[in-house]
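Below you'll find the structure, written out as structure tokens, and then a few comments.
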Number of protein chains: 2
Amino acid sequence: MTTTDKASTKDRLLDAAAELFYRDGVSIGVEALCRTAGVSKRSMYQLFASKDEVLAASLERRAPGYAAQLTPGPDEVRTPRERILYVFEKAEKMSVEPDYQGCPFLAALVELKNPEHPASLVARDAKERLQGAFRAEAELGGARDPELLARQLMLVFDGASARAGARIEKLDGLTMATATTLLDAAGVA
Amino acid sequence: MTTTDKASTKDRLLDAAAELFYRDGVSIGVEALCRTAGVSKRSMYQLFASKDEVLAASLERRAPGYAAQLTPGPDEVRTPRERILYVFEKAEKMSVEPDYQGCPFLAALVELKNPEHPASLVARDAKERLQGAFRAEAELGGARDPELLARQLMLVFDGASARAGARIEKLDGLTMATATTLLDAAGVA
DNA sequence: CCGTCGGTATACCGATCGGTTTCCATGTCG
DNA sequence: CGACATGGAAACCGATCGGTATACCGACGG
């Protein structure tokens, strides 16, 4: 089927893009990208207007899985406090993998200094969604200022992501401890 | 004086390097770098073995001034708690400048995915020094676990740096509030 | 006065950049 | 069978990459 073939090519391209952009940075060339994806440059430029669009699409594709990886299932964890801490627990577990480079969306935002880059918009959106999830849990948990708590948790999350990704720090429970302190101070039981 | 002339060329090069690497990222080319510095490529490669060394040297040069910018003078601020909060206050003030891109050392570490890159070593060193300063103040302030508090403050500092630099967030007192909460929890009066 | 030294300018190296285009093999459909 | 769309391989575009080499300049020291 034509549709299936097209999608497969696109999928291979976006998968390779997600991996290479994450591992080697956004400066990776189109040549190398297409080579590892097994896709001709012609097909790439037929599917996307530019390398920037490929990057944006690869981030967009990655977003739902990333969120699912960090978020507990519906009946997996009970209280809002536990659901928030679950995110940090997962993040810490991810950070010990040998090729961990921090949150891919934050990395893209830092590397692309331009905040208007199409991929920057996608990345900021992903960040906003996580913050929204924190905020929703904070409200459920009766936080004094849910928005403030959500922003504080994002600070911790992204700080930990950058520092662990850059191999500045090993987070043995550091984010869990910090998030716990912030939850306590916000009155989330 | 020969020494003065040499230093001047080197200074021009490192100043331009610091600015361009920060503004445009580490991918900025040697050609553009030398052009804006008013230094020939030949001179550059006479002073440094490679572009990577130029980047490392420019970060090293920038470090003391950066630290001085964040740290209060000896009699400017009295208590350890105030001295710690002073850092975040300064950081928030810096973050509102139009061309702010976050902490240059953290940005370099994220962009250079390789933690063994000469510039990565310099950047990590700068980060370690700030953490050491936090730790020293935490001890003076009677923190229950000075090292833990210092690491938590670095999480907040770098998270805020990355997020404000990427234009995800405006920190109106967010880091001050978060640091205050952490100080309170650590027992630093 | 002459050599050397620090410096610039410039051209060059092979490689790669993002992106376009040409050619051709493989269809699939009428 | 013939017409046409698809897409892969690869050449090609001008520009730039990091790095080197050649040639020339002015100042300073013997």
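The sequence lines fix the lettering, A, B, ..., with proteins before strands; numbering per chain opens at 1. Below, each value reflects all heavy atoms present in this structure, side chains not excepted, and no hydrogens, waters or symmetry copies.
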Rounded to the nearest angstrom, tell me the gap between atom CG in B:L55 and atom P in D:dG19.
-> 12 Å

Backbone N/O of A:R81 and side chain of A:Y86: donor-acceptor pair under 3.5 Å | no

Minimum-distance pair of heavy atoms, taken over all atoms of A:L112 and A:A119 = CD1-CB, 3.7 Å

With B:E139 via salt bridge (Lys or Arg N to Asp or Glu O under 4.0 Å) - residues at least two apart | B:R135

Ignoring backbone atoms, test whether A:Q46 places a side-chain nitrogen or oxygen under 4.0 Å from the OP1 or OP2 oxygen of D:dG7.
-> yes

Rounded to whole Å, the CZ-P distance (A:R35 to D:dA9) equals 12 Å

Between the protein and nucleotides 18-20 of chain C, are there any N/O to N/O pairs under 3.5 Å, and if so, what are the atom names and distances?
residue, atom, partner, partner atom, Å
C:dG18, OP1, A:I28, O, 3.4
C:dG18, OP1, A:K51, NZ, 2.5
C:dG18, OP2, A:V30, N, 2.5
C:dG19, OP2, A:Y45, OH, 2.9
C:dG19, OP2, A:K51, N, 3.0
C:dG19, O5', A:Y45, OH, 3.4
C:dG19, N7, A:K41, NZ, 2.8
C:dG19, O6, A:K41, NZ, 2.1

Just to confirm, is there a sub-4.0 Å distance from OP1 or OP2 of D:dA9 to any side-chain nitrogen or oxygen of A:S40?
-> no

Separation of C:dT8 P from B:L33 CG (nearest whole Å) | 13 Å

Under 3.5 Å: donor-acceptor pair, side chain of B:T180, backbone of B:M176 | yes

Centroid-centroid under 6.0 Å between B:F134 and B:F88 rings | yes

Counting just side-chain N and O atoms, does B:S43 come under 4.0 Å of either OP1 or OP2 of C:dT8?
-> yes

Interatomic distance where CG belongs to A:L20 and P belongs to C:dT16 [whole Å] | 15 Å

For B:L47 and D:dT20, what is the distance between atoms CG and P respectively, to the nearest whole Å?
-> 14 Å

Have B:T178 and B:T181 got a donor and an acceptor in their side chains that come within less than 3.5 Å?
-> no

